[in-house]
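The chains referred to below are lettered A, B, ... by the order of the sequence lines, with proteins before strands, and numbering in each begins at 1.
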Amino acid sequence: MLHPMSDRTSPSAREGYWQSEWEKAGVYSIDFSKATKPYYSLVMFPYPSGDRLHIGHWYQYGPCDSFARFMRMQGNDVFAPMGFDAFGLPAENHAIKHGEHPDGFTDKNVQTMIEQLKKIGCMYDWDKSVNTSKPDYYRWTQWLFLQMHKNGLAYKKLGNVNYCTSCQTVLANEQAQDGVCERCGTTVIQKPLEQWYWKITKYAEKLLGNLDQLDWPEKTKLMQTNWIGKSEGAEIVFEIEGQKESVTVFTTRPDTLFGATYLVLAPEHALVQKITAPDHAKAVEKYIAAAAKKTELERKELQKTKTGEFTGAYALHPVTGEQVPIWIADYVLTNYGTGAIMAVPAHDERDHDFAKAFNLPMKEVVKGEKSDGAFTGEGESINSDFLDGLNTPAAKKKMIEWLVKNKKGKGVTNFRLRDWLVSRQRYWGAPIPIVYDPEGNPHPVPDEHLPWTLPTDVEFKPTGESPLRYSKEFQARTEKIFGKGWRPEYDTMDTFVCSSFYYLRYLNSGQWLVGSGQSESGMGKLTTNHSSLTTSLKSEKLIDPSIERTWMPVSMYVGGPEHACMHLIYARFVMMALKDFGFVSHEEPFQKLVHQGLITNQGAKMSKSKGNVVSPDSFVEKFGSDVFRMYLMFMGPFTEGGDWSDAGIMGIVRFVDRLERCLTEKSKGTDSPETLKRLHKTIRKVSTDMNEMKFNTVISALMELLNHLEKEAGFSSETAKTVATLLSPIAPHLAEELWHALGEKSFIVLQSWPMFDEALTKDDTVTIVVQVNGKLRGEMQVPAGISKDEVIAQAKALENVQKFLTGEIKKEVYVPGKLVSLVVK
RNA sequence: GCCACGGUGGCGGAAUUGGCAGACGCGCACGACUCAAAAUCGUGUACCGCAAGGUGUGUGGGUUCAAUUCCCACCCGUGGCACCA
């Protein structure tokens with residue numbers, strides 16, 4: 001009941017009151033083992049930046065919470081956690097600038113963020129939070145690395161990597177799209193470095209194949225499909241004339257082999273040096289040097305004009321034995337297929353352009369129409385010896401059979417997906433649990449030494465090397481455990497590794513924080529001492545298998561679409577790997593995925609650097625979090641976002657005031673039949689729309705009901721309570737207030753969702769509109785079960801309809817309950 | 001260039017097995033209350049027309065008794081991909 005001393009005059013004071021009441025009663029804590037209908041509602045966890053929460057946070061968390069509350073009221077055991085993706089560059093950049101250690105800085109930010117998050121009033125179970133920068137979390141990040149290593153999925157390789165000169169670190173392919181750093185926009189350069197990779201390519205087929213079973217936006221699935229980039233074709237071996245070497249090319253069109261008039265190797269291809277004729281060496285070298293100097297971006301900008309150089313060498317056509325000149329050109333990529341192609345200028349646009357530029361011969365081998373350029377479609381094979389007359393699929397098949405039989409090639413599948421580069425030359429991340437013996441061979445750090453803690457005696461200067469290289473403690477620790485001359489791996493892991501499995505760590509009993517000197521209120525009072533960990537922590541598992549079986553996969557996952565080819569693909573890969581290692585029972589982590597829309601400011605993305613970020617604080621202070629949340633939901637469809645404007649917020653303020661007045665003042669009467677009908681129709685509408693996350697129409701349906709109730713003399717308190725219950729997911733504090741004002745003593749947030757009575761939603765009369773020749777001419781009320789003949793007779797009798805029935809009636813259409821359409825000559 | 005999605009009043013948006021276009025809200029106008037203003041309440045509000053009526057969901061065609069909804073062509077916007085052989 002009401003606390004007499006509590007100040008509930010302002011919306012924020014009132015909301016604070018209910019938040020503390022809910023917390024005291026522990027209404028949001030969940031016991032994993034007791035749940036009978038588990039529903040895992042997850043929202044992508046934030047980076048704790050230290051700034052105030054922005055509209056984007058509210059837009060994401062508010063509606064998700066409303067949905068979770070709805071699922072809970074429908075009888076599900078809903079688990080809705082919140083945590084922090086706390087490793088990453090901003091904290092380290094802050095350290096570089098201000099000398100403040102990232103750990104303390106991050107803790108402070110997490111603390112303020114929790115306070116702000118609590119003001120939204122979400123049903124987060126704070127006892128089960130995670131913070132990826134804490135040793136009791138990142139020991140699992142490291143454990144995962146060791147599992148990958150043990151199972152042959154982690155390997156070290158020297159290679160050209162994407163390197164950002166501003167962030168002074170390497171980037172994964174996914175983070176270096178368009179040739180610029182995903183984080184800072186600096187042009188990415190290629191740099192040869194020894195780095196750790198995870199073999200995500202091993203799961204390419206499964207990552208692709210499983211997409212069918214997922215309830216994800218089609219667009220996102222398509223983006224992943226393209227990113228994985230499966231293509232089926234053949235590898236074909238070309239002998240090189242006068243040499244022992246041969247070149248293997250990859251093609252998706254083995255059926256066009258007879259049209260191959262030259263070969264092209266990537267400038268970086270290993271064979272180039274060996275095969276180049278002496279009189280071409282100088283030009284070839286010059287071309288290679290020029291190509292190496294081009295950045296990704298330049299290569300893409302110049303893609304219209306083809307460049308290349310003849311090596312002076314010739315290959316032999318595998319079937320005809322004819323001479324085929326070998327060129328190099330940067331339109332052939334070194335890291336796709338075999339880094340070499342057979343050029344079929346008559347049937348490939350790029351080869352066509354190249355052949356035209358360098359005056360190379362073309363040979364048509366597929367019948368098809370194309371006046372200018374190449375015919376790239378499928379068709380009947382011609383000029384192709386044993387393939388003549390076959391259609392493309394049959395010709396491909398026959399050619400592959402021929403290649404296999406003659407040992408000149410085979411059918412292969414290629415993927416665009418690259419292995420995941422997980423090394424980062426940064427401090428603020430999980431240290432890679434690897435040590436090197438005096439000979440430089442890598443060895444995994446045994447499990448019992450996890451967490452392999454991040455040393456604190458470091459300087460924060462961007463040097464292009466990990467700051468861990470200069471930690472005396474780190475070196476001493478390694479030598480103490482492993483022996484003289486051993487050294488630790490200095491790199492840390494990509495933060496996407498941390499977020500690839502966090503949904504599993506939330507599902508721990510809640511006991512895991514106890515005993516590590518950490519707090520009862522979740523992340524609130526976490527220790528900043530990285531080496532203080534009790535041994536009790538070391539015996540537990542990543543996740544309890546029975547909890548994983550019942551609670552995974554995540555039922556509803558909400559986050560931005562920008563993660564389509566990063567987090568959302570890494571997490572899937574990690575889950576698949578963990579299943580193969582035997583730690584989890586499911587292959588896919590997220591059964592259903594929804595992307596919230598983006599809130600812009602005057603059409604532009606809000607960002608700190610542009611200085612156009614709108615803060616929710618003043619609105620929340622003035623009108624309360626419920627009003628702000630509802631306003632965001634009322635703006636339009638959740639998945640579409642929209643441009644920010646505060647112009648309409650008074651509409652929600654008025655709605656809330658009117659509703660409160662109406663329910664408290666008029667609920668001492670009885671329900672009219674019309675009220676009952678509208679109430680039950682509203683329950684139905686709100687239920688379906690909540691289920692589809694159509695929050696904007698949920699609110700308008702409640703507004704319509706209110707408009708009706710205000711016109712009535714009175715209604716029952718039962719009806720008032722039902723309305724409050726319908727409101728509860730989208731305005732939990734206000735609904736709680738109303739519930740208690742209506743005399744209830746329990747919590748509305750724990751109530752069941754109202755059922756509607758189908759019989760009560762039926763209308764006994766319906767409005768029928770009458771059209772003559774497709775134009776609206778009249779309307780009438782008729783009993784619901786009326787027959788076709790009767791309706792049409794009545795329709796014809798309408799005065800305004802008669803006026804237009806000037807000729808012979810050619811057609812009469814009746815759509816039951818909707819309209820009559822008459823056609824006259 | 002390719003792929004996907006979208007284009008509805010002054011504004012945000014509703015409506016899809018084809019069946020009253022513009023729900024709900026903002027804004028605006030007028031009215032009530034007030035000395036006055038704000039707040040609140042009431043009425044109206046797609047466009048043209050005094051009206052009857054006509055027009056109208058990016059543009060142009062088509063199918064249909066009936067099209068925002070289906071088909072064809074195009075224009076514009078947003079997102080993604082972009083030498084992947």
Side-chain angles (χ1 to χ4, degrees), chain A residues 177-178 217-223 225-227 229-231 233-234 249-254 256 260 264 266 299-300 302-306 329-333 335-344 347-351 353-354 376 414-418 561-562 564-565 595 598 600 603 631 634-637 639-655 657-658 661 694 696-707 710 767-779 800 803 809-824:
Chain A
Q177 293 187 41
D178 298 326
E218 286 306 316
K219 190 177 166 156
T220 309
K221 292 203 227 177
L222 189 66
M223 278 170 72
T225 303
N226 292 337
W227 189 256
K230 179 178 178 171
S231 61
V249 304
F250 173 71
T251 178
T252 54
R253 291 294 297 271
T256 63
V264 187
R299 254 171 106 142
K300 275 168 186 167
L302 293 169
Q303 71 180 254
K304 292 252 155 55
T305 44
K306 295 276 180 287
D330 64 4
Y331 82 90
V332 174
L333 307 174
N335 59 1
Y336 185 77
T338 59
I341 61 151
M342 62 176 208
V344 185
H347 303 290
D348 181 279
E349 294 288 352
R350 296 149 300 181
D351 298 344
D353 292 347
F354 190 82
T376 57
N414 240 297
F415 294 93
R416 297 165 73 167
L417 186 70
R418 306 285 86 177
E562 67 275 16
C565 295
H595 298 305
L598 182 70
T600 54
Y631 180 56
F634 191 55
M635 273 176 65
T639 51
E640 264 153 56
D643 201 46
W644 169 255
S645 154
D646 60 9
I649 197 165
M650 286 313 294
I652 300 292
V653 175
R654 282 180 205 135
F655 167 65
D657 289 347
R658 280 163 54 205
R661 230 176 307 138
K694 289 160 88 177
N696 53 335
T697 52
V698 165
I699 295 172
S700 65
L702 291 172
M703 284 172 167
E704 283 179 86
L705 182 62
L706 173 63
N707 289 344
E710 282 181 326
T767 307
I768 300 286
V769 297
V770 185
Q771 296 180 344
V772 180
N773 284 354
K775 290 203 165 40
L776 186 65
R777 297 301 181 191
E779 114 179 17
N800 199 50
K803 231 164 78 185
I809 297 182
K810 288 185 66 184
K811 193 163 187 171
E812 297 171 347
V813 180
Y814 173 50
V815 182
K818 294 226 165 98
L819 63 66
V820 169
S821 182
L822 304 169
V823 186
V824 289

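Comparing B:rU59 with B:rC11, their P atoms sit 15 Å apart, to the nearest whole Å. Atom name C1', nucleotides B:rA66 and B:rA29: the rounded distance is 36 Å, in whole Å. Going from the C1' atom of B:rG53 to that of B:rC3 covers 47 Å, rounded to whole Å. Taking atom C1' on both nucleotides, B:rU16 is separated from B:rG25 by 23 Å, rounded to a whole Å. Taking atom P in both B:rA67 and B:rC75, one finds a spacing of 26 Å when rounded to whole Å. Spacing between B:rC24 and B:rG13 at atom C1', rounded to whole Å, works out to 9 Å. A gap of 24 Å separates the P atoms of B:rA82 and B:rC76, to the nearest Å. If you take atom P in B:rG44 and the same atom in B:rC26, they sit 15 Å apart, rounded to whole Å.
Cation-pi check for A:Lys306 over A:Tyr331 is met; the charged atom lies under 6.0 angstrom from the ring centroid and within 45 degrees of its normal.
Residues meeting the side chain to side chain donor-acceptor pair (under 3.5 Å) test with A:Tyr814, sequence neighbours left out: none.
Distance A:Glu562 CD to B:rG79 P: 13 Å, rounded to the nearest Å. B:rC24 atom P lies 21 Å from atom CE of A:Met635, rounded to whole Å. In this entry the distance linking NZ of A:Lys219 with C1' of B:rC5 reads 6 Å, nearest Å. Computed from coordinates, the A:Leu222 CG to B:rC5 P distance equals 9 Å when rounded to whole Å. At whole-Å resolution of the value, CG in A:Asp643 and P in B:rG77 are 17 Å apart. Atoms CG (A:Leu702) and C1' (B:rA14) sit 15 Å apart, rounded to a whole Å. B:rC5 atom P lies 10 Å from atom CD of A:Glu218, rounded to whole Å.
Nearest nucleotide to the A:Thr251 side chain, out of B:rC24, B:rA15, B:rA85: B:rA85. Listed nucleotides: B:rC65, B:rA14, B:rA85. Nearest to the side chain of A:Val813: B:rC65. Comparing B:rA85, B:rC65, B:rG13 by their nearest atom to the side chain of A:Pro637 picks out B:rG13. The side chain of A:Val823 has B:rC65 as its nearest neighbour among B:rA85, B:rC65, B:rC20. When the nucleotides B:rG80, B:rC20, B:rG13 are ranked by their closest atom to the side chain of A:Met223, B:rG80 comes out on top. Of the candidates B:rG13, B:rC65, B:rA23, B:rC65 carries the atom nearest the A:Lys811 side chain, counting heavy atoms from C-beta on.
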Quiz prompt | Per-nucleotide protein contact string for nucleotides 48-56 of chain B (B base, S sugar-phosphate only, - none; heavy atom under 4.0 Å) | solution = ----SSSS-
Exercise. For side-chain contact (heavy atoms from CB on, under 4.5 Å), just list the numbers for A:Val813 and A:Gln771, CA-CA rounded to whole Å, side-chain angles, deciding distance to a tenth of an Å, and then say yes or no.
Key: CA-CA 10 Å; A:Val813 180; A:Gln771 296 180 344; over 6 Å; no
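Within the 4.0 Å cut-off from OP1 or OP2 of B:rA14, at least one side-chain nitrogen or oxygen of A:Asn696 is found.
The base of B:rC83 sits within donor-acceptor range of the side chain of A:Lys306, with an N or O pair under 3.5 Å.
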For nucleotides 25-28 of chain B, list the nitrogen or oxygen atoms of the protein found under 3.5 Å from its nitrogen or oxygen atoms, one pair per line.
unit_1, atom_1, unit_2, atom_2, d
B:rG25, OP1, A:Asn707, ND2, 3.3
B:rC26, OP1, A:Arg654, NH1, 2.4
B:rC26, O2', A:Ala647, O, 3.2

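Remark: B:rA39 base-pairs with no nucleotide in the shown strands. Criterion, Watson-Crick or G-U wobble with two distances under 3.5 Å. Nucleotide B:rA46: paired with B:rU55 (Watson-Crick or G-U wobble, both distances less than 3.5 Å).
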